[in-house]
Amino acid sequence: MAEVMELRINRPDDWHLHLRDGDVLADVLAHTARCFGRAIVMPNLKPPVVDTAGALAYRTRILDALPPGSDFQPLMTLYLTDETSPAEIGTAKASGQVFACKLYPAGATTNSENGVTDLLGRYPVFEAMQRAALPLLVHGEVTDDQVDIFDREQRFIEERLEPIVRAFPGLKVVFEHVTTAEAVDFVRDGPPTLAATITPHHLLYNRNAMLAGGIRPHLYCLPILKRERHRLALVSAATGGHPRFFLGTDSAPHAIEGKESACGCAGAFSAHAAIELYAEVFEQAGALARLEGFASHHGADFYGLPRNAETIRLSREPWTVPASYSFGASRVVPLRAGEAVAWRVVA
Ligand SMILES: NC(=O)N[C@@H](CC(=O)O)C(=O)O
Ligand SMILES: [Zn+2]
Ligand SMILES: [Zn+2]
């Protein structure tokens with residue numbers, strides 16, 4: 001069969017994105033706005049976005065930082081804490097600009113210190129979200145020191161996520177950045193209200209890529225990269241056409257000095273080449289025809305939003321990723337820095 005050289009798909013959306021704030025916001029945002037129509041914007045700023053007023057103010061800062069002429073739409077989220085009230089959920093929904101709430105178990109990941117410690121105590125808030133039809137987005141890892149970091153996602157499914165999904169049959173839940181075969185099975189076997197996002201780095205790399213032959217801090221993210229058998233399960237879920245798996249980059253930039261450190265931050269920056277990297281994954285799986293569903297349709301359908309009408313064009317033209325990009329006063333090292341990416345977005 002002749003190699004596909006060009007691909008036209010509906011404009012994709014990123015259903016899990018970190019844009020950060022302040023002097024780095026414009027630098028980070030430009031990478032996503034060059035190709036994605038919308039993105040679910042994560043609220044784990046310092047301090048986190050815990051109420052509707054904060055989300056609306058952050059949204060304005062994002063719109064102000066957009067490149068001229070861009071019609072990128074930020075879809076805002078609230079960061080759940082032990083103090084979030086059910087009333088705030090109604091306010092968030094009524095704003096028309098908040099599209100979900102994010103559950104970070106306290107201590108699970110970057111800027112999760114203010115996250116939830118008492119999950120059962122949050123049930124009245126989940127109840128309010130179910131009523132308001134606001135999806136719950138979950139960083140699905142237990143935080144217990146006793147649990148091995150490679151087992152934290154699996155344990156979260158059994159101990160935390162399964163009970164929530166069972167208790168709230170009308171609540172849409174997105175299991176964010178799934179990294180294990182167990183998570184894939186849980187979502188596939190779950191109800192229509194349960195979906196998952198999958199990142200480009202978890203589709204492309206296993207833990208050897210991060211740890212064998214030298215430690216590569218720019219591949220360190222949470223949940224941590226897993227064994228090859230898990231990566232293969234993710235590839236089959238993403239490329240298999242199942243409507244409850246969709247694109248969420250978890251592009252999470254950190255300044256180079258925060259990553260190349262004795263105690264480096266978790267997060268991989270991928271927005272500079274996100275759709276291109278997913279195209280590589282789908283091509284390798286012989287599933288390029290399914291890229292559009294995963295990247296441009298399944299997420300919008302799950303959130304109950306219209307699909308983007310415009311299209312983008314991808315061409316099979318390799319290019320070399322720069323060693324770093326501007327990040328406010330610092331630099332960020334992107335995924336694939338200094339190496340080739342097989343696809344590029346053309347106008
Ligand atoms: N994925 C990460 O490793 N880091 C994210 C937080 C998150 O999504 O868990 C970040 O904000 O840096
Ligand atoms: Zn996370
Ligand atoms: Zn994230």
Side-chain angles (χ1 to χ4, degrees), residues 13-22 24-25 28-29 31-32 36 39-49 58 74-80 99-116 135-143 149-150 152-153 156-157 160-161 173-180 183 195-205 207 209-210 216-226 234 246-261 263-271 274 299 327-328 330 332-335:
D13 301 303
D14 186 346
W15 301 97
H16 182 131
L17 176 66
H18 300 271
L19 288 174
R20 311 306 192 200
D21 203 359
V24 305
L25 175 58
V28 175
L29 179 60
H31 292 283
T32 291
F36 289 100
I40 284 279
V41 179
M42 290 296 138
N44 63 332
L45 304 181
K46 280 180 178 169
V49 180
Y58 184 28
L75 310 177
M76 309 313 292
T77 61
L78 294 191
Y79 183 118
L80 297 177
F99 289 83
C101 298
K102 182 68 189 264
L103 169 65
Y104 292 102
T109 186
T110 304
N111 298 346
S112 63
E113 304 75 40
N114 303 103
V116 170
L136 175 68
L137 316 183
V138 182
H139 180 107
E141 288 192 288
V142 296
T143 53
I149 190 167
F150 290 98
R152 289 180 177 191
E153 184 174 276
F156 187 88
I157 298 171
R160 312 279 180 188
L161 193 52
V173 176
V174 184
F175 193 173
E176 299 289 341
H177 48 41
V178 289
T179 66
T180 58
T197 53
I198 310 183
T199 78
H201 41 290
H202 290 101
L203 290 167
L204 287 163
Y205 304 111
R207 65 195 200 179
M210 174 177 58
R216 294 177 195 78
H218 298 289
L219 287 180
Y220 174 64
C221 63
L222 291 170
I224 200 156
L225 296 173
K226 305 294 192 303
L234 299 175
F246 44 83
L247 186 157
T249 61
D250 192 22
S251 179
H254 290 270
I256 184 168
E257 57 277 11
K259 296 286 293 177
E260 298 181 3
S261 152
C263 184
C265 306
F269 178 62
S270 61
F327 188 66
S330 185
V332 57
V333 177
L335 219 60

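All ligand and atom numbering here is 1-based and tracks the order in the structure.
- Annotation for Arg160: atom CZ does not count as buried by contact number, only 12 or fewer foreign heavy atoms lying within 6.0 Å.
- At a cut-off of 2.8 Å, Glu176 does not coordinate the Zn ion (ligand 3) through any N, O or S atom.
- Vertex the Zn ion (ligand 3), arms ending at NE2 of His18 and NE2 of His16: the angle is 110° after rounding to 10 degrees.
- In this structure a side-chain-to-backbone donor-acceptor pair under 3.5 Å is missing from Thr199 to Thr249.
- Within His177, NE2 is the N, O or S atom that lies nearest to the Zn ion (ligand 2).
- Side-chain atoms of Asn44 come within 3.5 Å of backbone N or O of Thr110 as a donor-acceptor pair.
- Looking only at its N/O/S atoms, Asp250 has OD1 as the one nearest to the Zn ion (ligand 3).
- With hydrogens and angles disregarded, a donor-acceptor distance shorter than 3.5 Å links the side chain of Arg216 to the backbone of Ala209.
- If you run side-chain hydrogen bond (donor to acceptor under 3.5 Å, both in side chains) between His139 and each of His177, Lys102, Glu176, only His177 comes through.
- In this model, a donor atom of one side chain and an acceptor atom of the other lie less than 3.5 Å apart for Lys226 and Thr179.
- Considering Leu75, Thr32, Val28 as possible partners of Leu17, the one that fulfils the side-chain contact (heavy atoms from CB on, under 4.5 Å) test is Thr32.
- Across all non-hydrogen atoms, the minimal contact from Gly267 to Lys259 is O-NZ, 2.6 Å.
- In terms of distance to the Zn ion (ligand 2), the nearest N, O or S atom of His139 is named ND1.
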Less than 3.5 Å apart, N/O on ligand 1 and N/O on the protein: could you list those pairs with the distances?
unit_1, atom_1, unit_2, atom_2, d
ligand 1, 1 (N), Leu222, O, 2.9
ligand 1, 1 (N), Asp250, OD2, 2.7
ligand 1, 3 (O), Leu222, N, 2.7
ligand 1, 3 (O), Ala266, O, 3.4
ligand 1, 3 (O), Gly267, N, 3.2
ligand 1, 4 (N), Ala266, O, 3.1
ligand 1, 8 (O), His18, NE2, 3.1
ligand 1, 8 (O), Asp250, OD1, 3.0
ligand 1, 9 (O), Thr109, OG1, 2.7
ligand 1, 9 (O), His139, ND1, 3.0
ligand 1, 11 (O), His18, ND1, 3.3
ligand 1, 11 (O), Arg20, NH1, 2.9
ligand 1, 11 (O), Arg20, NH2, 3.4
ligand 1, 11 (O), Asn44, ND2, 2.8
ligand 1, 12 (O), Arg20, NH2, 2.8
ligand 1, 12 (O), Thr110, OG1, 3.3
ligand 1, 12 (O), His254, NE2, 2.8
ligand 1, 12 (O), Ala266, O, 3.1

